Engineer: 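For reference, the structure I am asking about is given below.
Remember, it's 1-based here, ligands and their atoms both numbered in the order they're listed. On a predicted model such as this, the values are computed, not experimentally measured, just so you know.
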Amino acid sequence: MAKRAVLAYSGGLDTSVAVRWMIDNMGVEVVALAVDVGQAAEDWELIRQRALGAGAVEAVVVDARDEFARDFCIPALRANALYEGRYPLVSALSRPVIVKHLVAAAREHGADAVAHGCTGKGNDQVRFEVSTRALAPDLDVLAPVRTWGMTREDCIRYADEHGIPITATKEKLYSIDDNLWGRAIECGEMEDPWAVPPPGVWLLTKPADPVPEPRDVVVRFEQGAPVALDGEDLAPVELIGRLTEIVGAYGWGRLDMVENRRVGIKSRETYECPASLALILAHADLESITLERDLAREKARLEHRYAELVYDGLWFSPLKEALDAFVAESQRFVTGEVRLHLSAGSCQVTGRRSDHSLYDYGLATYDAADSFRHEDSAGFVRLWGLSVETWAARQGGRVRPAGG
Ligand code: ARG
């Protein structure tokens with residue numbers, strides 16, 4: 001039985017109640033750990049005090065924004081990682097960095113367990129637990145919310161009875177998770193996949209009023225990592241933050257989808273990810289001129305797998321790490337600039353350039369004075385189709401007519 005646990009603490013109702021509930025029902029001391037991965041407008045000192053007020057023996061806040069951007073968001077960007085082709089893995093990317101800090105805190109504070117406040121229906125429990133097992137197989141993982149069987153109302157009553165400071169009210173409409181890479185909003189009326197998301201759910205992509213004049217923004221990448229906006233060098237956290245504001249003001253960067261959770265549930269999700277989606281759009285475009293064809297095609301195949309692994313909690317796994325090595329190698333020449341054009345509700349690539357560009361005007365132009373060896377084509381095309389030609393000559397009589 002664990003004696004001391006480090007709890008991933010958000011300051012919300014569930015994790016506040018969890019502090020006290022674990023002390024009373026699991027017989028552990030609780031160290032609360034809040035990890036800053038760029039959540040909007042959090043007062044971290046207040047959150048720390050709330051954890052202590054709930055009974056934590058220690059409450060720690062770690063600023064992991066730089067690390068999250070550099071070691072998690074940017075590798076995912078270099079892999080153009082979009083789950084089911086759309087979702088840039090906002091929550092899925094933050095869990096492994098949180099777990100890294102949970103494990104470090106467990107070592108520092110002599111804990112023999114870590115704990116999280118996830119329910120049994122979601123993906124986040126998978127990510128917390130699998131990541132912990134990968135980094136620290138000796139630690140226990142406690143999941144109080146999965147076992148306590150309390151409703152939201154029960155939790156509020158429990159908090160009142162035990163004098164746990166909370167700000168929650170009975171009606172909590174949405175479950176929201178946010179960080180530098182974007183924001184996820186679920187539940188409420190959106191549990192009906194036909195229901196239009198109410199305008200109030202949008203925060204990062206609420207169009208500025210009035211919507212700003214259309215503009216361009218030029219993103220510079222070095223070896224697949226974004227390093228500057230409009231010629232101004234920026235550290236990853238600043239760059240992502242700046243782009244969230246710039247692109248979000250045009251109301252672009254929303255997703256509304258039904259996705260497949262790891263546990264087999266289909267779930268209606270809305271997201272707003274102006275910076276991450278704009279960066280992936282630009283990055284993939286830069287790759288279109290800097291990656292050789294076969295490398296580009298193979299990478300595209302692996303990107304889906306990469307996104308699935310991250311979504312499914314396998315950030316720390318041998319396959320994911322091997323794919324990282326592949327992606328890193330592929331990015332050697334992904335250096336250059338992409339121009340994005342922004343206007344109300346739209347973000348489009350309107351140009352790309354690179355010193356390593358494989359685009360060859362002399363080959364591509366339809367001008368008479370090109371450098372392409374036209375005479376090579378006849379034989380190439382003939383051989384390309386030779387096997388089909390042979391087949392048709394032998395079996396042609398049996399080819400079904402169109403529509404037959
Ligand atoms: N469906 C998304 C994912 O699995 C978002 C999860 C958001 N988490 C939350 N606790 N609201 O990555």
Side-chain angles (χ1 to χ4, degrees), residues 7-18 34-40 42 47 68 72-73 75-77 79 81-99 102 115-131 143-146 152 155 168 171-193 197 200-205 253-274 276-277 280 304 306-316 320:
L7 168 70
Y9 183 71
S10 71
L13 175 64
D14 284 348
T15 52
S16 295
V17 168
V35 182
D36 182 355
V37 282
Q39 299 90 322
E42 298 279 24
I47 287 178
F68 178 53
F72 294 81
C73 300
L77 166 62
L82 295 171
Y83 180 64
E84 297 186 338
R86 299 178 70 189
Y87 163 51
L89 297 164
V90 176
S91 306
L93 287 168
S94 75
R95 281 9 180 202
V97 73
I98 294 172
V99 169
L102 282 176
H116 62 74
C118 308
T119 69
K121 288 171 85 170
N123 294 312
D124 291 325
Q125 55 172 346
V126 180
R127 299 164 184 154
F128 272 113
E129 296 186 35
V130 176
S131 296
V145 176
R146 210 162 52 195
R152 185 171 173 80
C155 285
E171 309 78 55
K172 184 201 180 193
L173 285 176
Y174 308 112
S175 168
I176 294 172
D177 185 51
D178 72 328
N179 60 52
L180 278 176
W181 212 227
R183 185 163 176 269
I185 316 109
E186 46 188 351
C187 304
E189 55 270 63
M190 290 183 295
E191 286 182 348
D192 172 1
V201 305
W202 309 115
L203 182 72
L204 307 176
T205 58
R254 291 181 188 173
L255 297 171
D256 176 344
M257 63 191 281
V258 175
E259 75 192 27
N260 290 292
R261 289 191 186 162
R262 178 63 289 188
V263 296
I265 297 172
K266 283 196 190 288
S267 165
R268 200 282 184 81
E269 305 274 344
T270 55
Y271 300 105
E272 35 185 4
C273 315
S276 48
L277 290 174
I280 293 172
H304 292 286
Y306 188 101
E308 280 170 6
L309 293 170
V310 176
Y311 187 88
D312 290 341
L314 295 166
W315 179 270
F316 301 113
K320 150 72 176 46

Engineer: So that I know where these two stand, are W315 and F72 an aromatic pair - ring centroids less than 6.0 Å apart?
Structural biologist: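 Yes, the ring centres sit under 6.0 Å apart.
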Engineer: Within a reach of under 6.0 Å around CZ of R146, are more than 12 heavy atoms found that belong to other residues, nucleotides or ligands?
Structural biologist: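 Atom CZ in R146 is crowded, with more than 12 foreign heavy atoms closer than 6.0 Å.
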Engineer: For each nitrogen or oxygen atom of ligand 1, which protein N/O atoms lie closer than 3.5 Å, and how far apart are they, rounded to 0.1 Å?
Structural biologist:
residue: ligand 1; atom: 1 (N); partner: E259; partner atom: OE2; Å: 2.6
residue: ligand 1; atom: 1 (N); partner: E269; partner atom: OE1; Å: 3.3
residue: ligand 1; atom: 1 (N); partner: E269; partner atom: OE2; Å: 3.2
residue: ligand 1; atom: 1 (N); partner: Y271; partner atom: OH; Å: 3.0
residue: ligand 1; atom: 4 (O); partner: N123; partner atom: ND2; Å: 2.8
residue: ligand 1; atom: 4 (O); partner: R127; partner atom: NH1; Å: 3.2
residue: ligand 1; atom: 4 (O); partner: R127; partner atom: NH2; Å: 3.0
residue: ligand 1; atom: 8 (N); partner: D124; partner atom: OD2; Å: 3.0
residue: ligand 1; atom: 10 (N); partner: D124; partner atom: OD2; Å: 3.3
residue: ligand 1; atom: 11 (N); partner: S175; partner atom: OG; Å: 2.9
residue: ligand 1; atom: 11 (N); partner: E186; partner atom: OE2; Å: 2.9
residue: ligand 1; atom: 12 (O); partner: Y87; partner atom: OH; Å: 2.6
residue: ligand 1; atom: 12 (O); partner: R127; partner atom: NH1; Å: 3.0
residue: ligand 1; atom: 12 (O); partner: R127; partner atom: NH2; Å: 3.1

Engineer: Answer yes or no: is there a side-chain heavy-atom contact under 4.5 Å between S91 and D124?
Structural biologist: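 A side-chain contact exists here, since the closest heavy-atom pair is under 4.5 Å.
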Engineer: Is any side-chain N of the basic residue among R95 and D177 closer than 4.0 Å to the acidic one's carboxylate O?
Structural biologist: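 Result for this pair is yes, salt bridge flagged.
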Engineer: Pick one: which of R183, E186, E259 meets side-chain hydrogen bond (donor to acceptor under 3.5 Å, both in side chains) with Y271?
Structural biologist: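 Going through the options one by one, the only one that passes is E259.
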Engineer: List the residues meeting side-chain hydrogen bond (donor to acceptor under 3.5 Å, both in side chains) with Q39, not counting sequence neighbours, and say none if there are none.
Structural biologist: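 With sequence neighbours excluded, Q39 shows a side-chain hydrogen bond (donor to acceptor under 3.5 Å, both in side chains) to no residue whatsoever.
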